[in-house]
Number of protein chains: 2
Amino acid sequence: MATAPHILICDDDPVVHESLGLYFENEHFTYSSAYDGRDALAHVASDKPDLIILDVMMPEKTGIEVCREIRKTLSTPIIILTAKGEEIDRVLGLELGADDYIVKPFSPREVIARIKAVLRRINEPQENTSFLRFEGLEINLDNYQVKVKGELVPCTPKEVEILHLLASHIGQVMDREQILSLIWGYDYFGDTRTVDTHIKRIRQKIYYEGAPWSLITVYGVGYKFEVNS
Amino acid sequence: MATAPHILICDDDPVVHESLGLYFENEHFTYSSAYDGRDALAHVASDKPDLIILDVMMPEKTGIEVCREIRKTLSTPIIILTAKGEEIDRVLGLELGADDYIVKPFSPREVIARIKAVLRRINEPQENTSFLRFEGLEINLDNYQVKVKGELVPCTPKEVEILHLLASHIGQVMDREQILSLIWGYDYFGDTRTVDTHIKRIRQKIYYEGAPWSLITVYGVGYKFEVNS
DNA sequence: ATGAATGTGAACAAATCGTAAAAACTATTT
DNA sequence: AAATAGTTTTTACGATTTGTTCACATTCAT
């Protein structure tokens with residue numbers, strides 16, 4: 001995205017595509033179109049857009065569902081689109097990991113401004129491997145902050161580091177030795193069970209009923225961070 | 001280096017390669033290995049790394065010599081590695097044009113943080129950020145003046161510099177080593193607790209009840225400037 | 001059913017931090 | 001050159017937070 005960003009528009013209303021497309025061409029943004037939830041996910045995978053505009057009401061899969069799906073693997077910026085009457089809570093969208101929220105009908109200026117703002121915000125801390133976001137969970141290794149459902153949860157340095165390590169390798173099991181050498185360092189020789197205690201505390205702090213992710217024990221091997229599918 | 005940086009590790013100890021390699025893979029950095037000075041220079045020429053980690057004690061050619069060689073033609077960032085006991089003058093390495101200096105044994109966090117800091121520093125064009133303004137707080141590094149609620153608060157040079165450093169990296173935790181390096185310079189040997197004393201004085205001078213910003217301690221890591229807590 | 005691996009709470013140990021005060025340093029004036 | 005004022009650095013101690021280990025309960029795979 002060194003040059004102009006590529007944007008994916010997901011909405012079942014062709015009029016929205018037409019008007020947004022017009023604005024985007026004017027700004028020299030490129031874009032592609034999806035007209036239902038399933039199509040949206042396909043485009044996300046194939047087009048690798050720099051930003052996704054997601055209407056809440058769509059056939060096949062709602063914007064909420066699509067957002068949740070995307071957040072399982074990607075942190076591509078998402079802007080949620082919703083009609084004025086729709087009783088979708090703003091907070092909900094943002095808890096799902098969306099980056100902004102626009103109510104229809106929108107003005108061209110507003111949309112462009114929001115997109116630019118989001119892209120600026122996302123790009124500022126370059127190559128964001130230190131910031132991870134999932135539905136209802138944010139892990140920031142720059143400020144050592146963990147947020148659950150948008151709420152700051154006080155975690156100790158080791159806790160943040162371990163959680164970040166596991167969460168940045170979704171589904172991959174890491175054994176205790178690996179965790180120790182990656183977090184503590186190559187010259188650490190302590191009890192491997194120490195890891196267990198930290199895992200316990202992390203679970204206590206971040207887990208909530210119905211969380212779409214979890215720290216899973218792989219018996220005889222180690223731990224992994226999983227996202228529900 | 002639009003994506004992940006490529007790093008060249010030069011050290012005669014395989015254990016160092018193993019552990020650093022582990023950290024780097026985890027960060028999605030790519031890397032290559034050299035085990036003596038001559039080999040190092042060959043790799044520098046062929047691999048064109050984005051950053052070079054250079055152990056001082058190596059067969060064939062010492063890190064110092066290699067560093068000198070490299071600097072004849074390239075400005076690739078170099079981080080010098082040295083064992084705790086080695087009586088190599090810290091200044092020497094940095095006078096040769098190295099960008100930072102890490103003492104073994106090192107922690108993963110430290111190494112990764114230093115690398116990112118160096119790369120960031122190299123890549124970022126200097127902006128004019130000498131004047132910072134927040135609600136109820138102004139920091140001017142041109143005339144070394146700090147104003148709280150419009151009132152001039154007498155601060156010493158070190159105090160202004162530290163405050164400015166932290167305030168120009170909102171939310172980002174900086175550890176004491178980083179602060180010392182950036183304010184005092186790489187050739188400083190003093191106690192890291194010195195930073196604490198300055199932080200204390202800065203807090204005493206600038207803080208007021210209900211200030212929308214604060215200097216926050218991140219236990220086990222360092223300090224950060226936060227807005228809107 | 002059994003032994004090994006893991007969950008968990010509590011006790012203990014270690015590391016870190018805030019602070020004040022003393023000491024060292026610097027620059028300037030007498 | 002000595003005195004002074006201002007600044008910086010070091011040191012020390014107590015308070016606090018965090019990390020580690022242990023003991024025992026529970027779960028798991030065979």
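Every chain is numbered from 1, with letters handed out A, B, ... down the list of sequences. Worth knowing before you read on, the calculation uses all heavy atoms, side chains too, and leaves out hydrogens, waters and symmetry mates.
Atom CG of A:Asp196 and atom P of D:dT26 are 17 Å apart (whole Å). B:Ile183 places its CD1 atom 16 Å from the C1' atom of D:dT7, with the value rounded to the nearest Å. The CD atom of B:Glu161 sits 10 Å away from the P atom of D:dT9 (whole-angstrom rounding).
Here chain B contacts DNA chain C (any atom closer than 4.0 Å to a heavy atom, that is under 4.0 Å), and the contacts span C:dA15 to C:dA20 from 5' to 3'.
Scanning for side-chain contact (heavy atoms from CB on, under 4.5 Å) contacts around B:Asn140 gives B:Phe131, B:Asp142, B:Asn143, with sequence neighbours left out. For A:Lys224, the salt bridge (Lys or Arg N to Asp or Glu O under 4.0 Å) partners at least two apart in sequence or on another chain are A:Glu226. In this view, A:Lys158 satisfies the salt bridge (Lys or Arg N to Asp or Glu O under 4.0 Å) rule with no residue, not counting sequence neighbours. B:Asp175 meets the salt bridge (Lys or Arg N to Asp or Glu O under 4.0 Å) test with no other residue; sequence neighbours excluded.
The aromatic ring centres of B:Phe29 and B:Tyr23 sit 6.0 Å or more apart. In this structure, B:Tyr208 has its ring center under 6.0 Å from that of B:Trp213.
Annotation: the span from A:His198 atom NE2 to A:Tyr223 atom OH amounts to 11.5 Å, rounded to 0.5 Å.
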Inset, instruction - Quick one, give me the B/S/- string for nucleotides 11-21 of chain D, reading 5' to 3', where B means a protein heavy atom under 4.0 Å from the base and S means that only happens at the primed atoms, P, OP1 or OP2. - result: B-----BSBBB
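With respect to B:Asp13 and B:Lys104, no salt bridge is recorded, no charged nitrogen being found less than 4.0 Å from a carboxylate O.
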